[in-house]
Amino acid sequence: MDKTLDEVGLDDLIAFLASAPTPFHAVRAIADRLDGAGYLALDEGAPFALEAGGRYYTIRNGGSVIAFRLPEDATRTGLRMVGAHTDSPCLRLKPTPVLQARGLTRLGVEVYGGALLNPWFDRDLSLAGRVHFEAADGTIGKALVDFRRPIAVVPSLAIHLDREANASRSVNAQKDIPPLIAAPGLEGETFDVAALLLDRLHEEHPEVRAARILDHELCFYDTQAPSRVGARGEFLASARLDNLLSCWCGLQALLESDESVGALLVCNDHEEVGSASSSGAAGPFLRSVLERIAGGLANSGGAADAFAQLVARSMLISADNAHAVHPNFPDRHDDNHGPSLGGGPVIKVNANQRYASNSATQALFRQLCDRAGIPVQTFVTRTDMACGSTIGPITASEIGVRTLDVGVPQLAMHSIRELCHAEDPQRMAQVLAAFQSLAELPPLD
């Protein structure tokens with residue numbers, strides 16, 4: 001039986017999730033798709049030679065990417081921008097990680113972001129990220145690596161040795177979660193992480209002639225592939241749905257929307273740890289690109305005036321997954337604002353600006369959903385609970401652009417394996433494409 005368009009889209013999302021165990025791999029996957037769509041890669045260290053109607057992208061620090069297409073007059077029409085983030089909570093390998101105990105080898109890790117730690121136990125873990133190496137001629141090179149097979153595990157302590165485990169076990173991030181990677185080898189042999197990485201580098205990149213590994217940024221990840229689950233396959237289960245799902249939705253929207261309309265996709269790294277980096281949303285990456293776009297289109301008022309016009313006539317939709325009501329814990333939501341799986345995109349609202357939505361940007365999104373026949377939901381956290389945040393308010397305060405926070409509803413956020421409804425990603429991509437096809441924005445002030 002031929003697959004429906006939604007099923008083809010879901011298969012593509014699953015392939016994207018599987019190809020992106022780290023932010024570096026996610027950006028490479030995005031860049032590959034942009035290359036295939038005719039987007040031109042720009043070097044931040046070189047002049048931007050931009051033309052109306054052109055399609056471009058640029059990468060910073062390997063884990064953040066901005067892609068955009070230019071209309072005939074960006075300062076008059078502005079850009080329809082979508083923002084997401086490439087990083088997810090995980091276990092990051094420490095620089096000197098080898099730990100020996102009772103003849104077994106474990107690797108020390110840092111917890112990256114607000115990870116749920118208990119689900120990391122007893123999973124088949126692999127390792128991926130980027131390495132920098134010294135080549136035979138003394139030059140420094142870099143490459144992505146991915147072991148793509150289980151190489152480590154964090155074993156649970158048996159219940160016989162902790163009878164209260166189901167009632168009160170907590171996790172000590174320093175001593176309880178270093179993954180087990182090796183048993184004793186030959187007499188006197190010690191485990192060498194650098195040698196392991198060098199072997200993998202040569203296996204994955206046979207053209208590389210590396211003499212030694214200089215440094216690395218690597219994360220453990222669950223090797224279980226993304227899959228459809230449920231009696232009718234109605235759910236999607238995967239690692240890193242938060243927030244690679246939104247990166248995929250934003251990329252689909254950019255590639256499927258009206259090419260004559262100015263549009264931009266920004267996928268930042270480091271959101272899960274506060275966004276304060278050169279490539280994070282609190283850094284200068286997006287502002288720098290927008291200033292260069294405006295500078296290339298400067299009118300008689302100069303570059304500063306062109307930038308102000310560009311921002312004033314633009315809008316950003318920050319797409320980051322939303323908390324669906326958990327059927328076992330419905331009391332964790334406000335009774336009137338509990339999004340459901342399969343209920344469509346969620347507008348995220350917070351009076352204290354943890355989300356950047358306002359009534360004007362919300363109204364536009366509701367209208368877009370209504371015109372597309374897509375249901376829309378609203379999330380407001382319980383008044384007696386703390387509210388998370390996104391790149392939305394950070395970008396709004398850094399750039400000054402009108403912003404809306406939305407997301408696909410999901411369960412098990414920040415777990416090693418998360419869950420959403422299989423229909424919701426395509427709905428989000430569809431409404432984001434409608435947004436990026438708007439030649440003119442309505443008055444939003």
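Scope of the values below: all heavy atoms of this structure, side chains included, with no hydrogens, waters or symmetry mates.
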What pair of heavy atoms forms the shortest contact from [X] to [Y], and how long is it?
| X | Y | value |
| --- | --- | --- |
| Q362 | I347 | CG-CG2, 3.6 Å |
| D146 | S126 | OD1-OG, 4.2 Å |
| R240 | A20 | NE-O, 2.9 Å |
| A324 | S340 | CB-C, 4.5 Å |

side-chain hydrogen bond (donor to acceptor under 3.5 Å, both in side chains) between R366 and T378: does it pass, once the steps are laid out? CA-CA 10 Å; R366 290 185 193 280; T378 306; 2.9 Å; yes
I want to check something: taking the side chain as every heavy atom from C-beta on, are [X] and [Y] in contact at a cut-off of under 4.5 Å?
| X | Y | value |
| --- | --- | --- |
| V145 | L127 | no |
| I317 | V431 | no |
| F121 | V171 | yes |
| M315 | L438 | no |
| Q353 | S397 | no |
| S277 | R60 | no |

Contact list for [range], test salt bridge (Lys or Arg N to Asp or Glu O under 4.0 Å), sequence neighbours left out:
| range | value |
| --- | --- |
| residues 269-284 | none |
| residues 21-34 | D12-R33 |
| residues 370-394 | R382-D384 |
| residues 412-424 | E423-R427, D424-R427 |

Test item: side-chain donor near acceptor, T75 and D73, under 3.5 Å: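 There is such a pair (donor and acceptor under 3.5 Å, judged by atom type) between the side chains of T75 and D73.
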I'd like to know if the side chain of S257 pairs up with that of R69 as donor and acceptor (distance under 3.5 Å, no hydrogens or angles considered).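 A pair is found: one side chain offers a donor N or O, the other an acceptor, under 3.5 Å apart.
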Mark yes when over 12 heavy atoms from residues, nucleotides or ligands other than E51 sit less than 6.0 Å from its CD; otherwise mark no.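 Open.
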Does Q174 CD have over 12 foreign heavy atoms under 6.0 Å away?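 Not more than 12 within 6.0 Å, no.
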Name the orientation class of the two ring planes belonging to F379 and H333 (parallel below 30°, tilted from 30 to 60°, perpendicular beyond 60°).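 Rings of F379 and H333: perpendicular, as their planes differ by over 60°.
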Quick one: sort the Y56 and F68 rings into parallel, tilted or perpendicular, breaks at 30° and 60°.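 Rings of Y56 and F68: tilted, 30 to 60°.
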Under 3.5 Å: donor-acceptor pair, side chain of N321, backbone of G407: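 Such a contact is absent between N321 side chain and G407 backbone.
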Is a side-chain donor or acceptor of N61 paired with a backbone partner of G63 at a separation under 3.5 angstrom?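 The answer is no, because no donor-acceptor pair under 3.5 Å joins these two groups.
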In terms of side-chain geometry, is the basic nitrogen of E134 or R212 positioned less than 4.0 Å from the acidic oxygen of its partner?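 Answer for the salt bridge query: yes.
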H85: which of N268, D320, T390 passes side-chain hydrogen bond (donor to acceptor under 3.5 Å, both in side chains):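 For H85, the side-chain hydrogen bond (donor to acceptor under 3.5 Å, both in side chains) test succeeds with only one of N268, D320, T390, which is D320.
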By side chain to side chain donor-acceptor pair (under 3.5 Å) - contacts of S238 (at least two apart):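 Residues passing side chain to side chain donor-acceptor pair (under 3.5 Å) with S238: none at all.
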I need the single residue from L214, L201, L197, D215 that forms a side-chain contact (heavy atoms from CB on, under 4.5 Å) with F133. Which is it?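 So the option named by the test is L201.
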Taking only residues two or more places apart in sequence, or in another chain, which ones meet F285 in a ring-ring contact (aromatic ring centres under 6.0 Å, His included)?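 Per chain and number, F285 pairs via ring-ring contact (aromatic ring centres under 6.0 Å, His included) with no residue.
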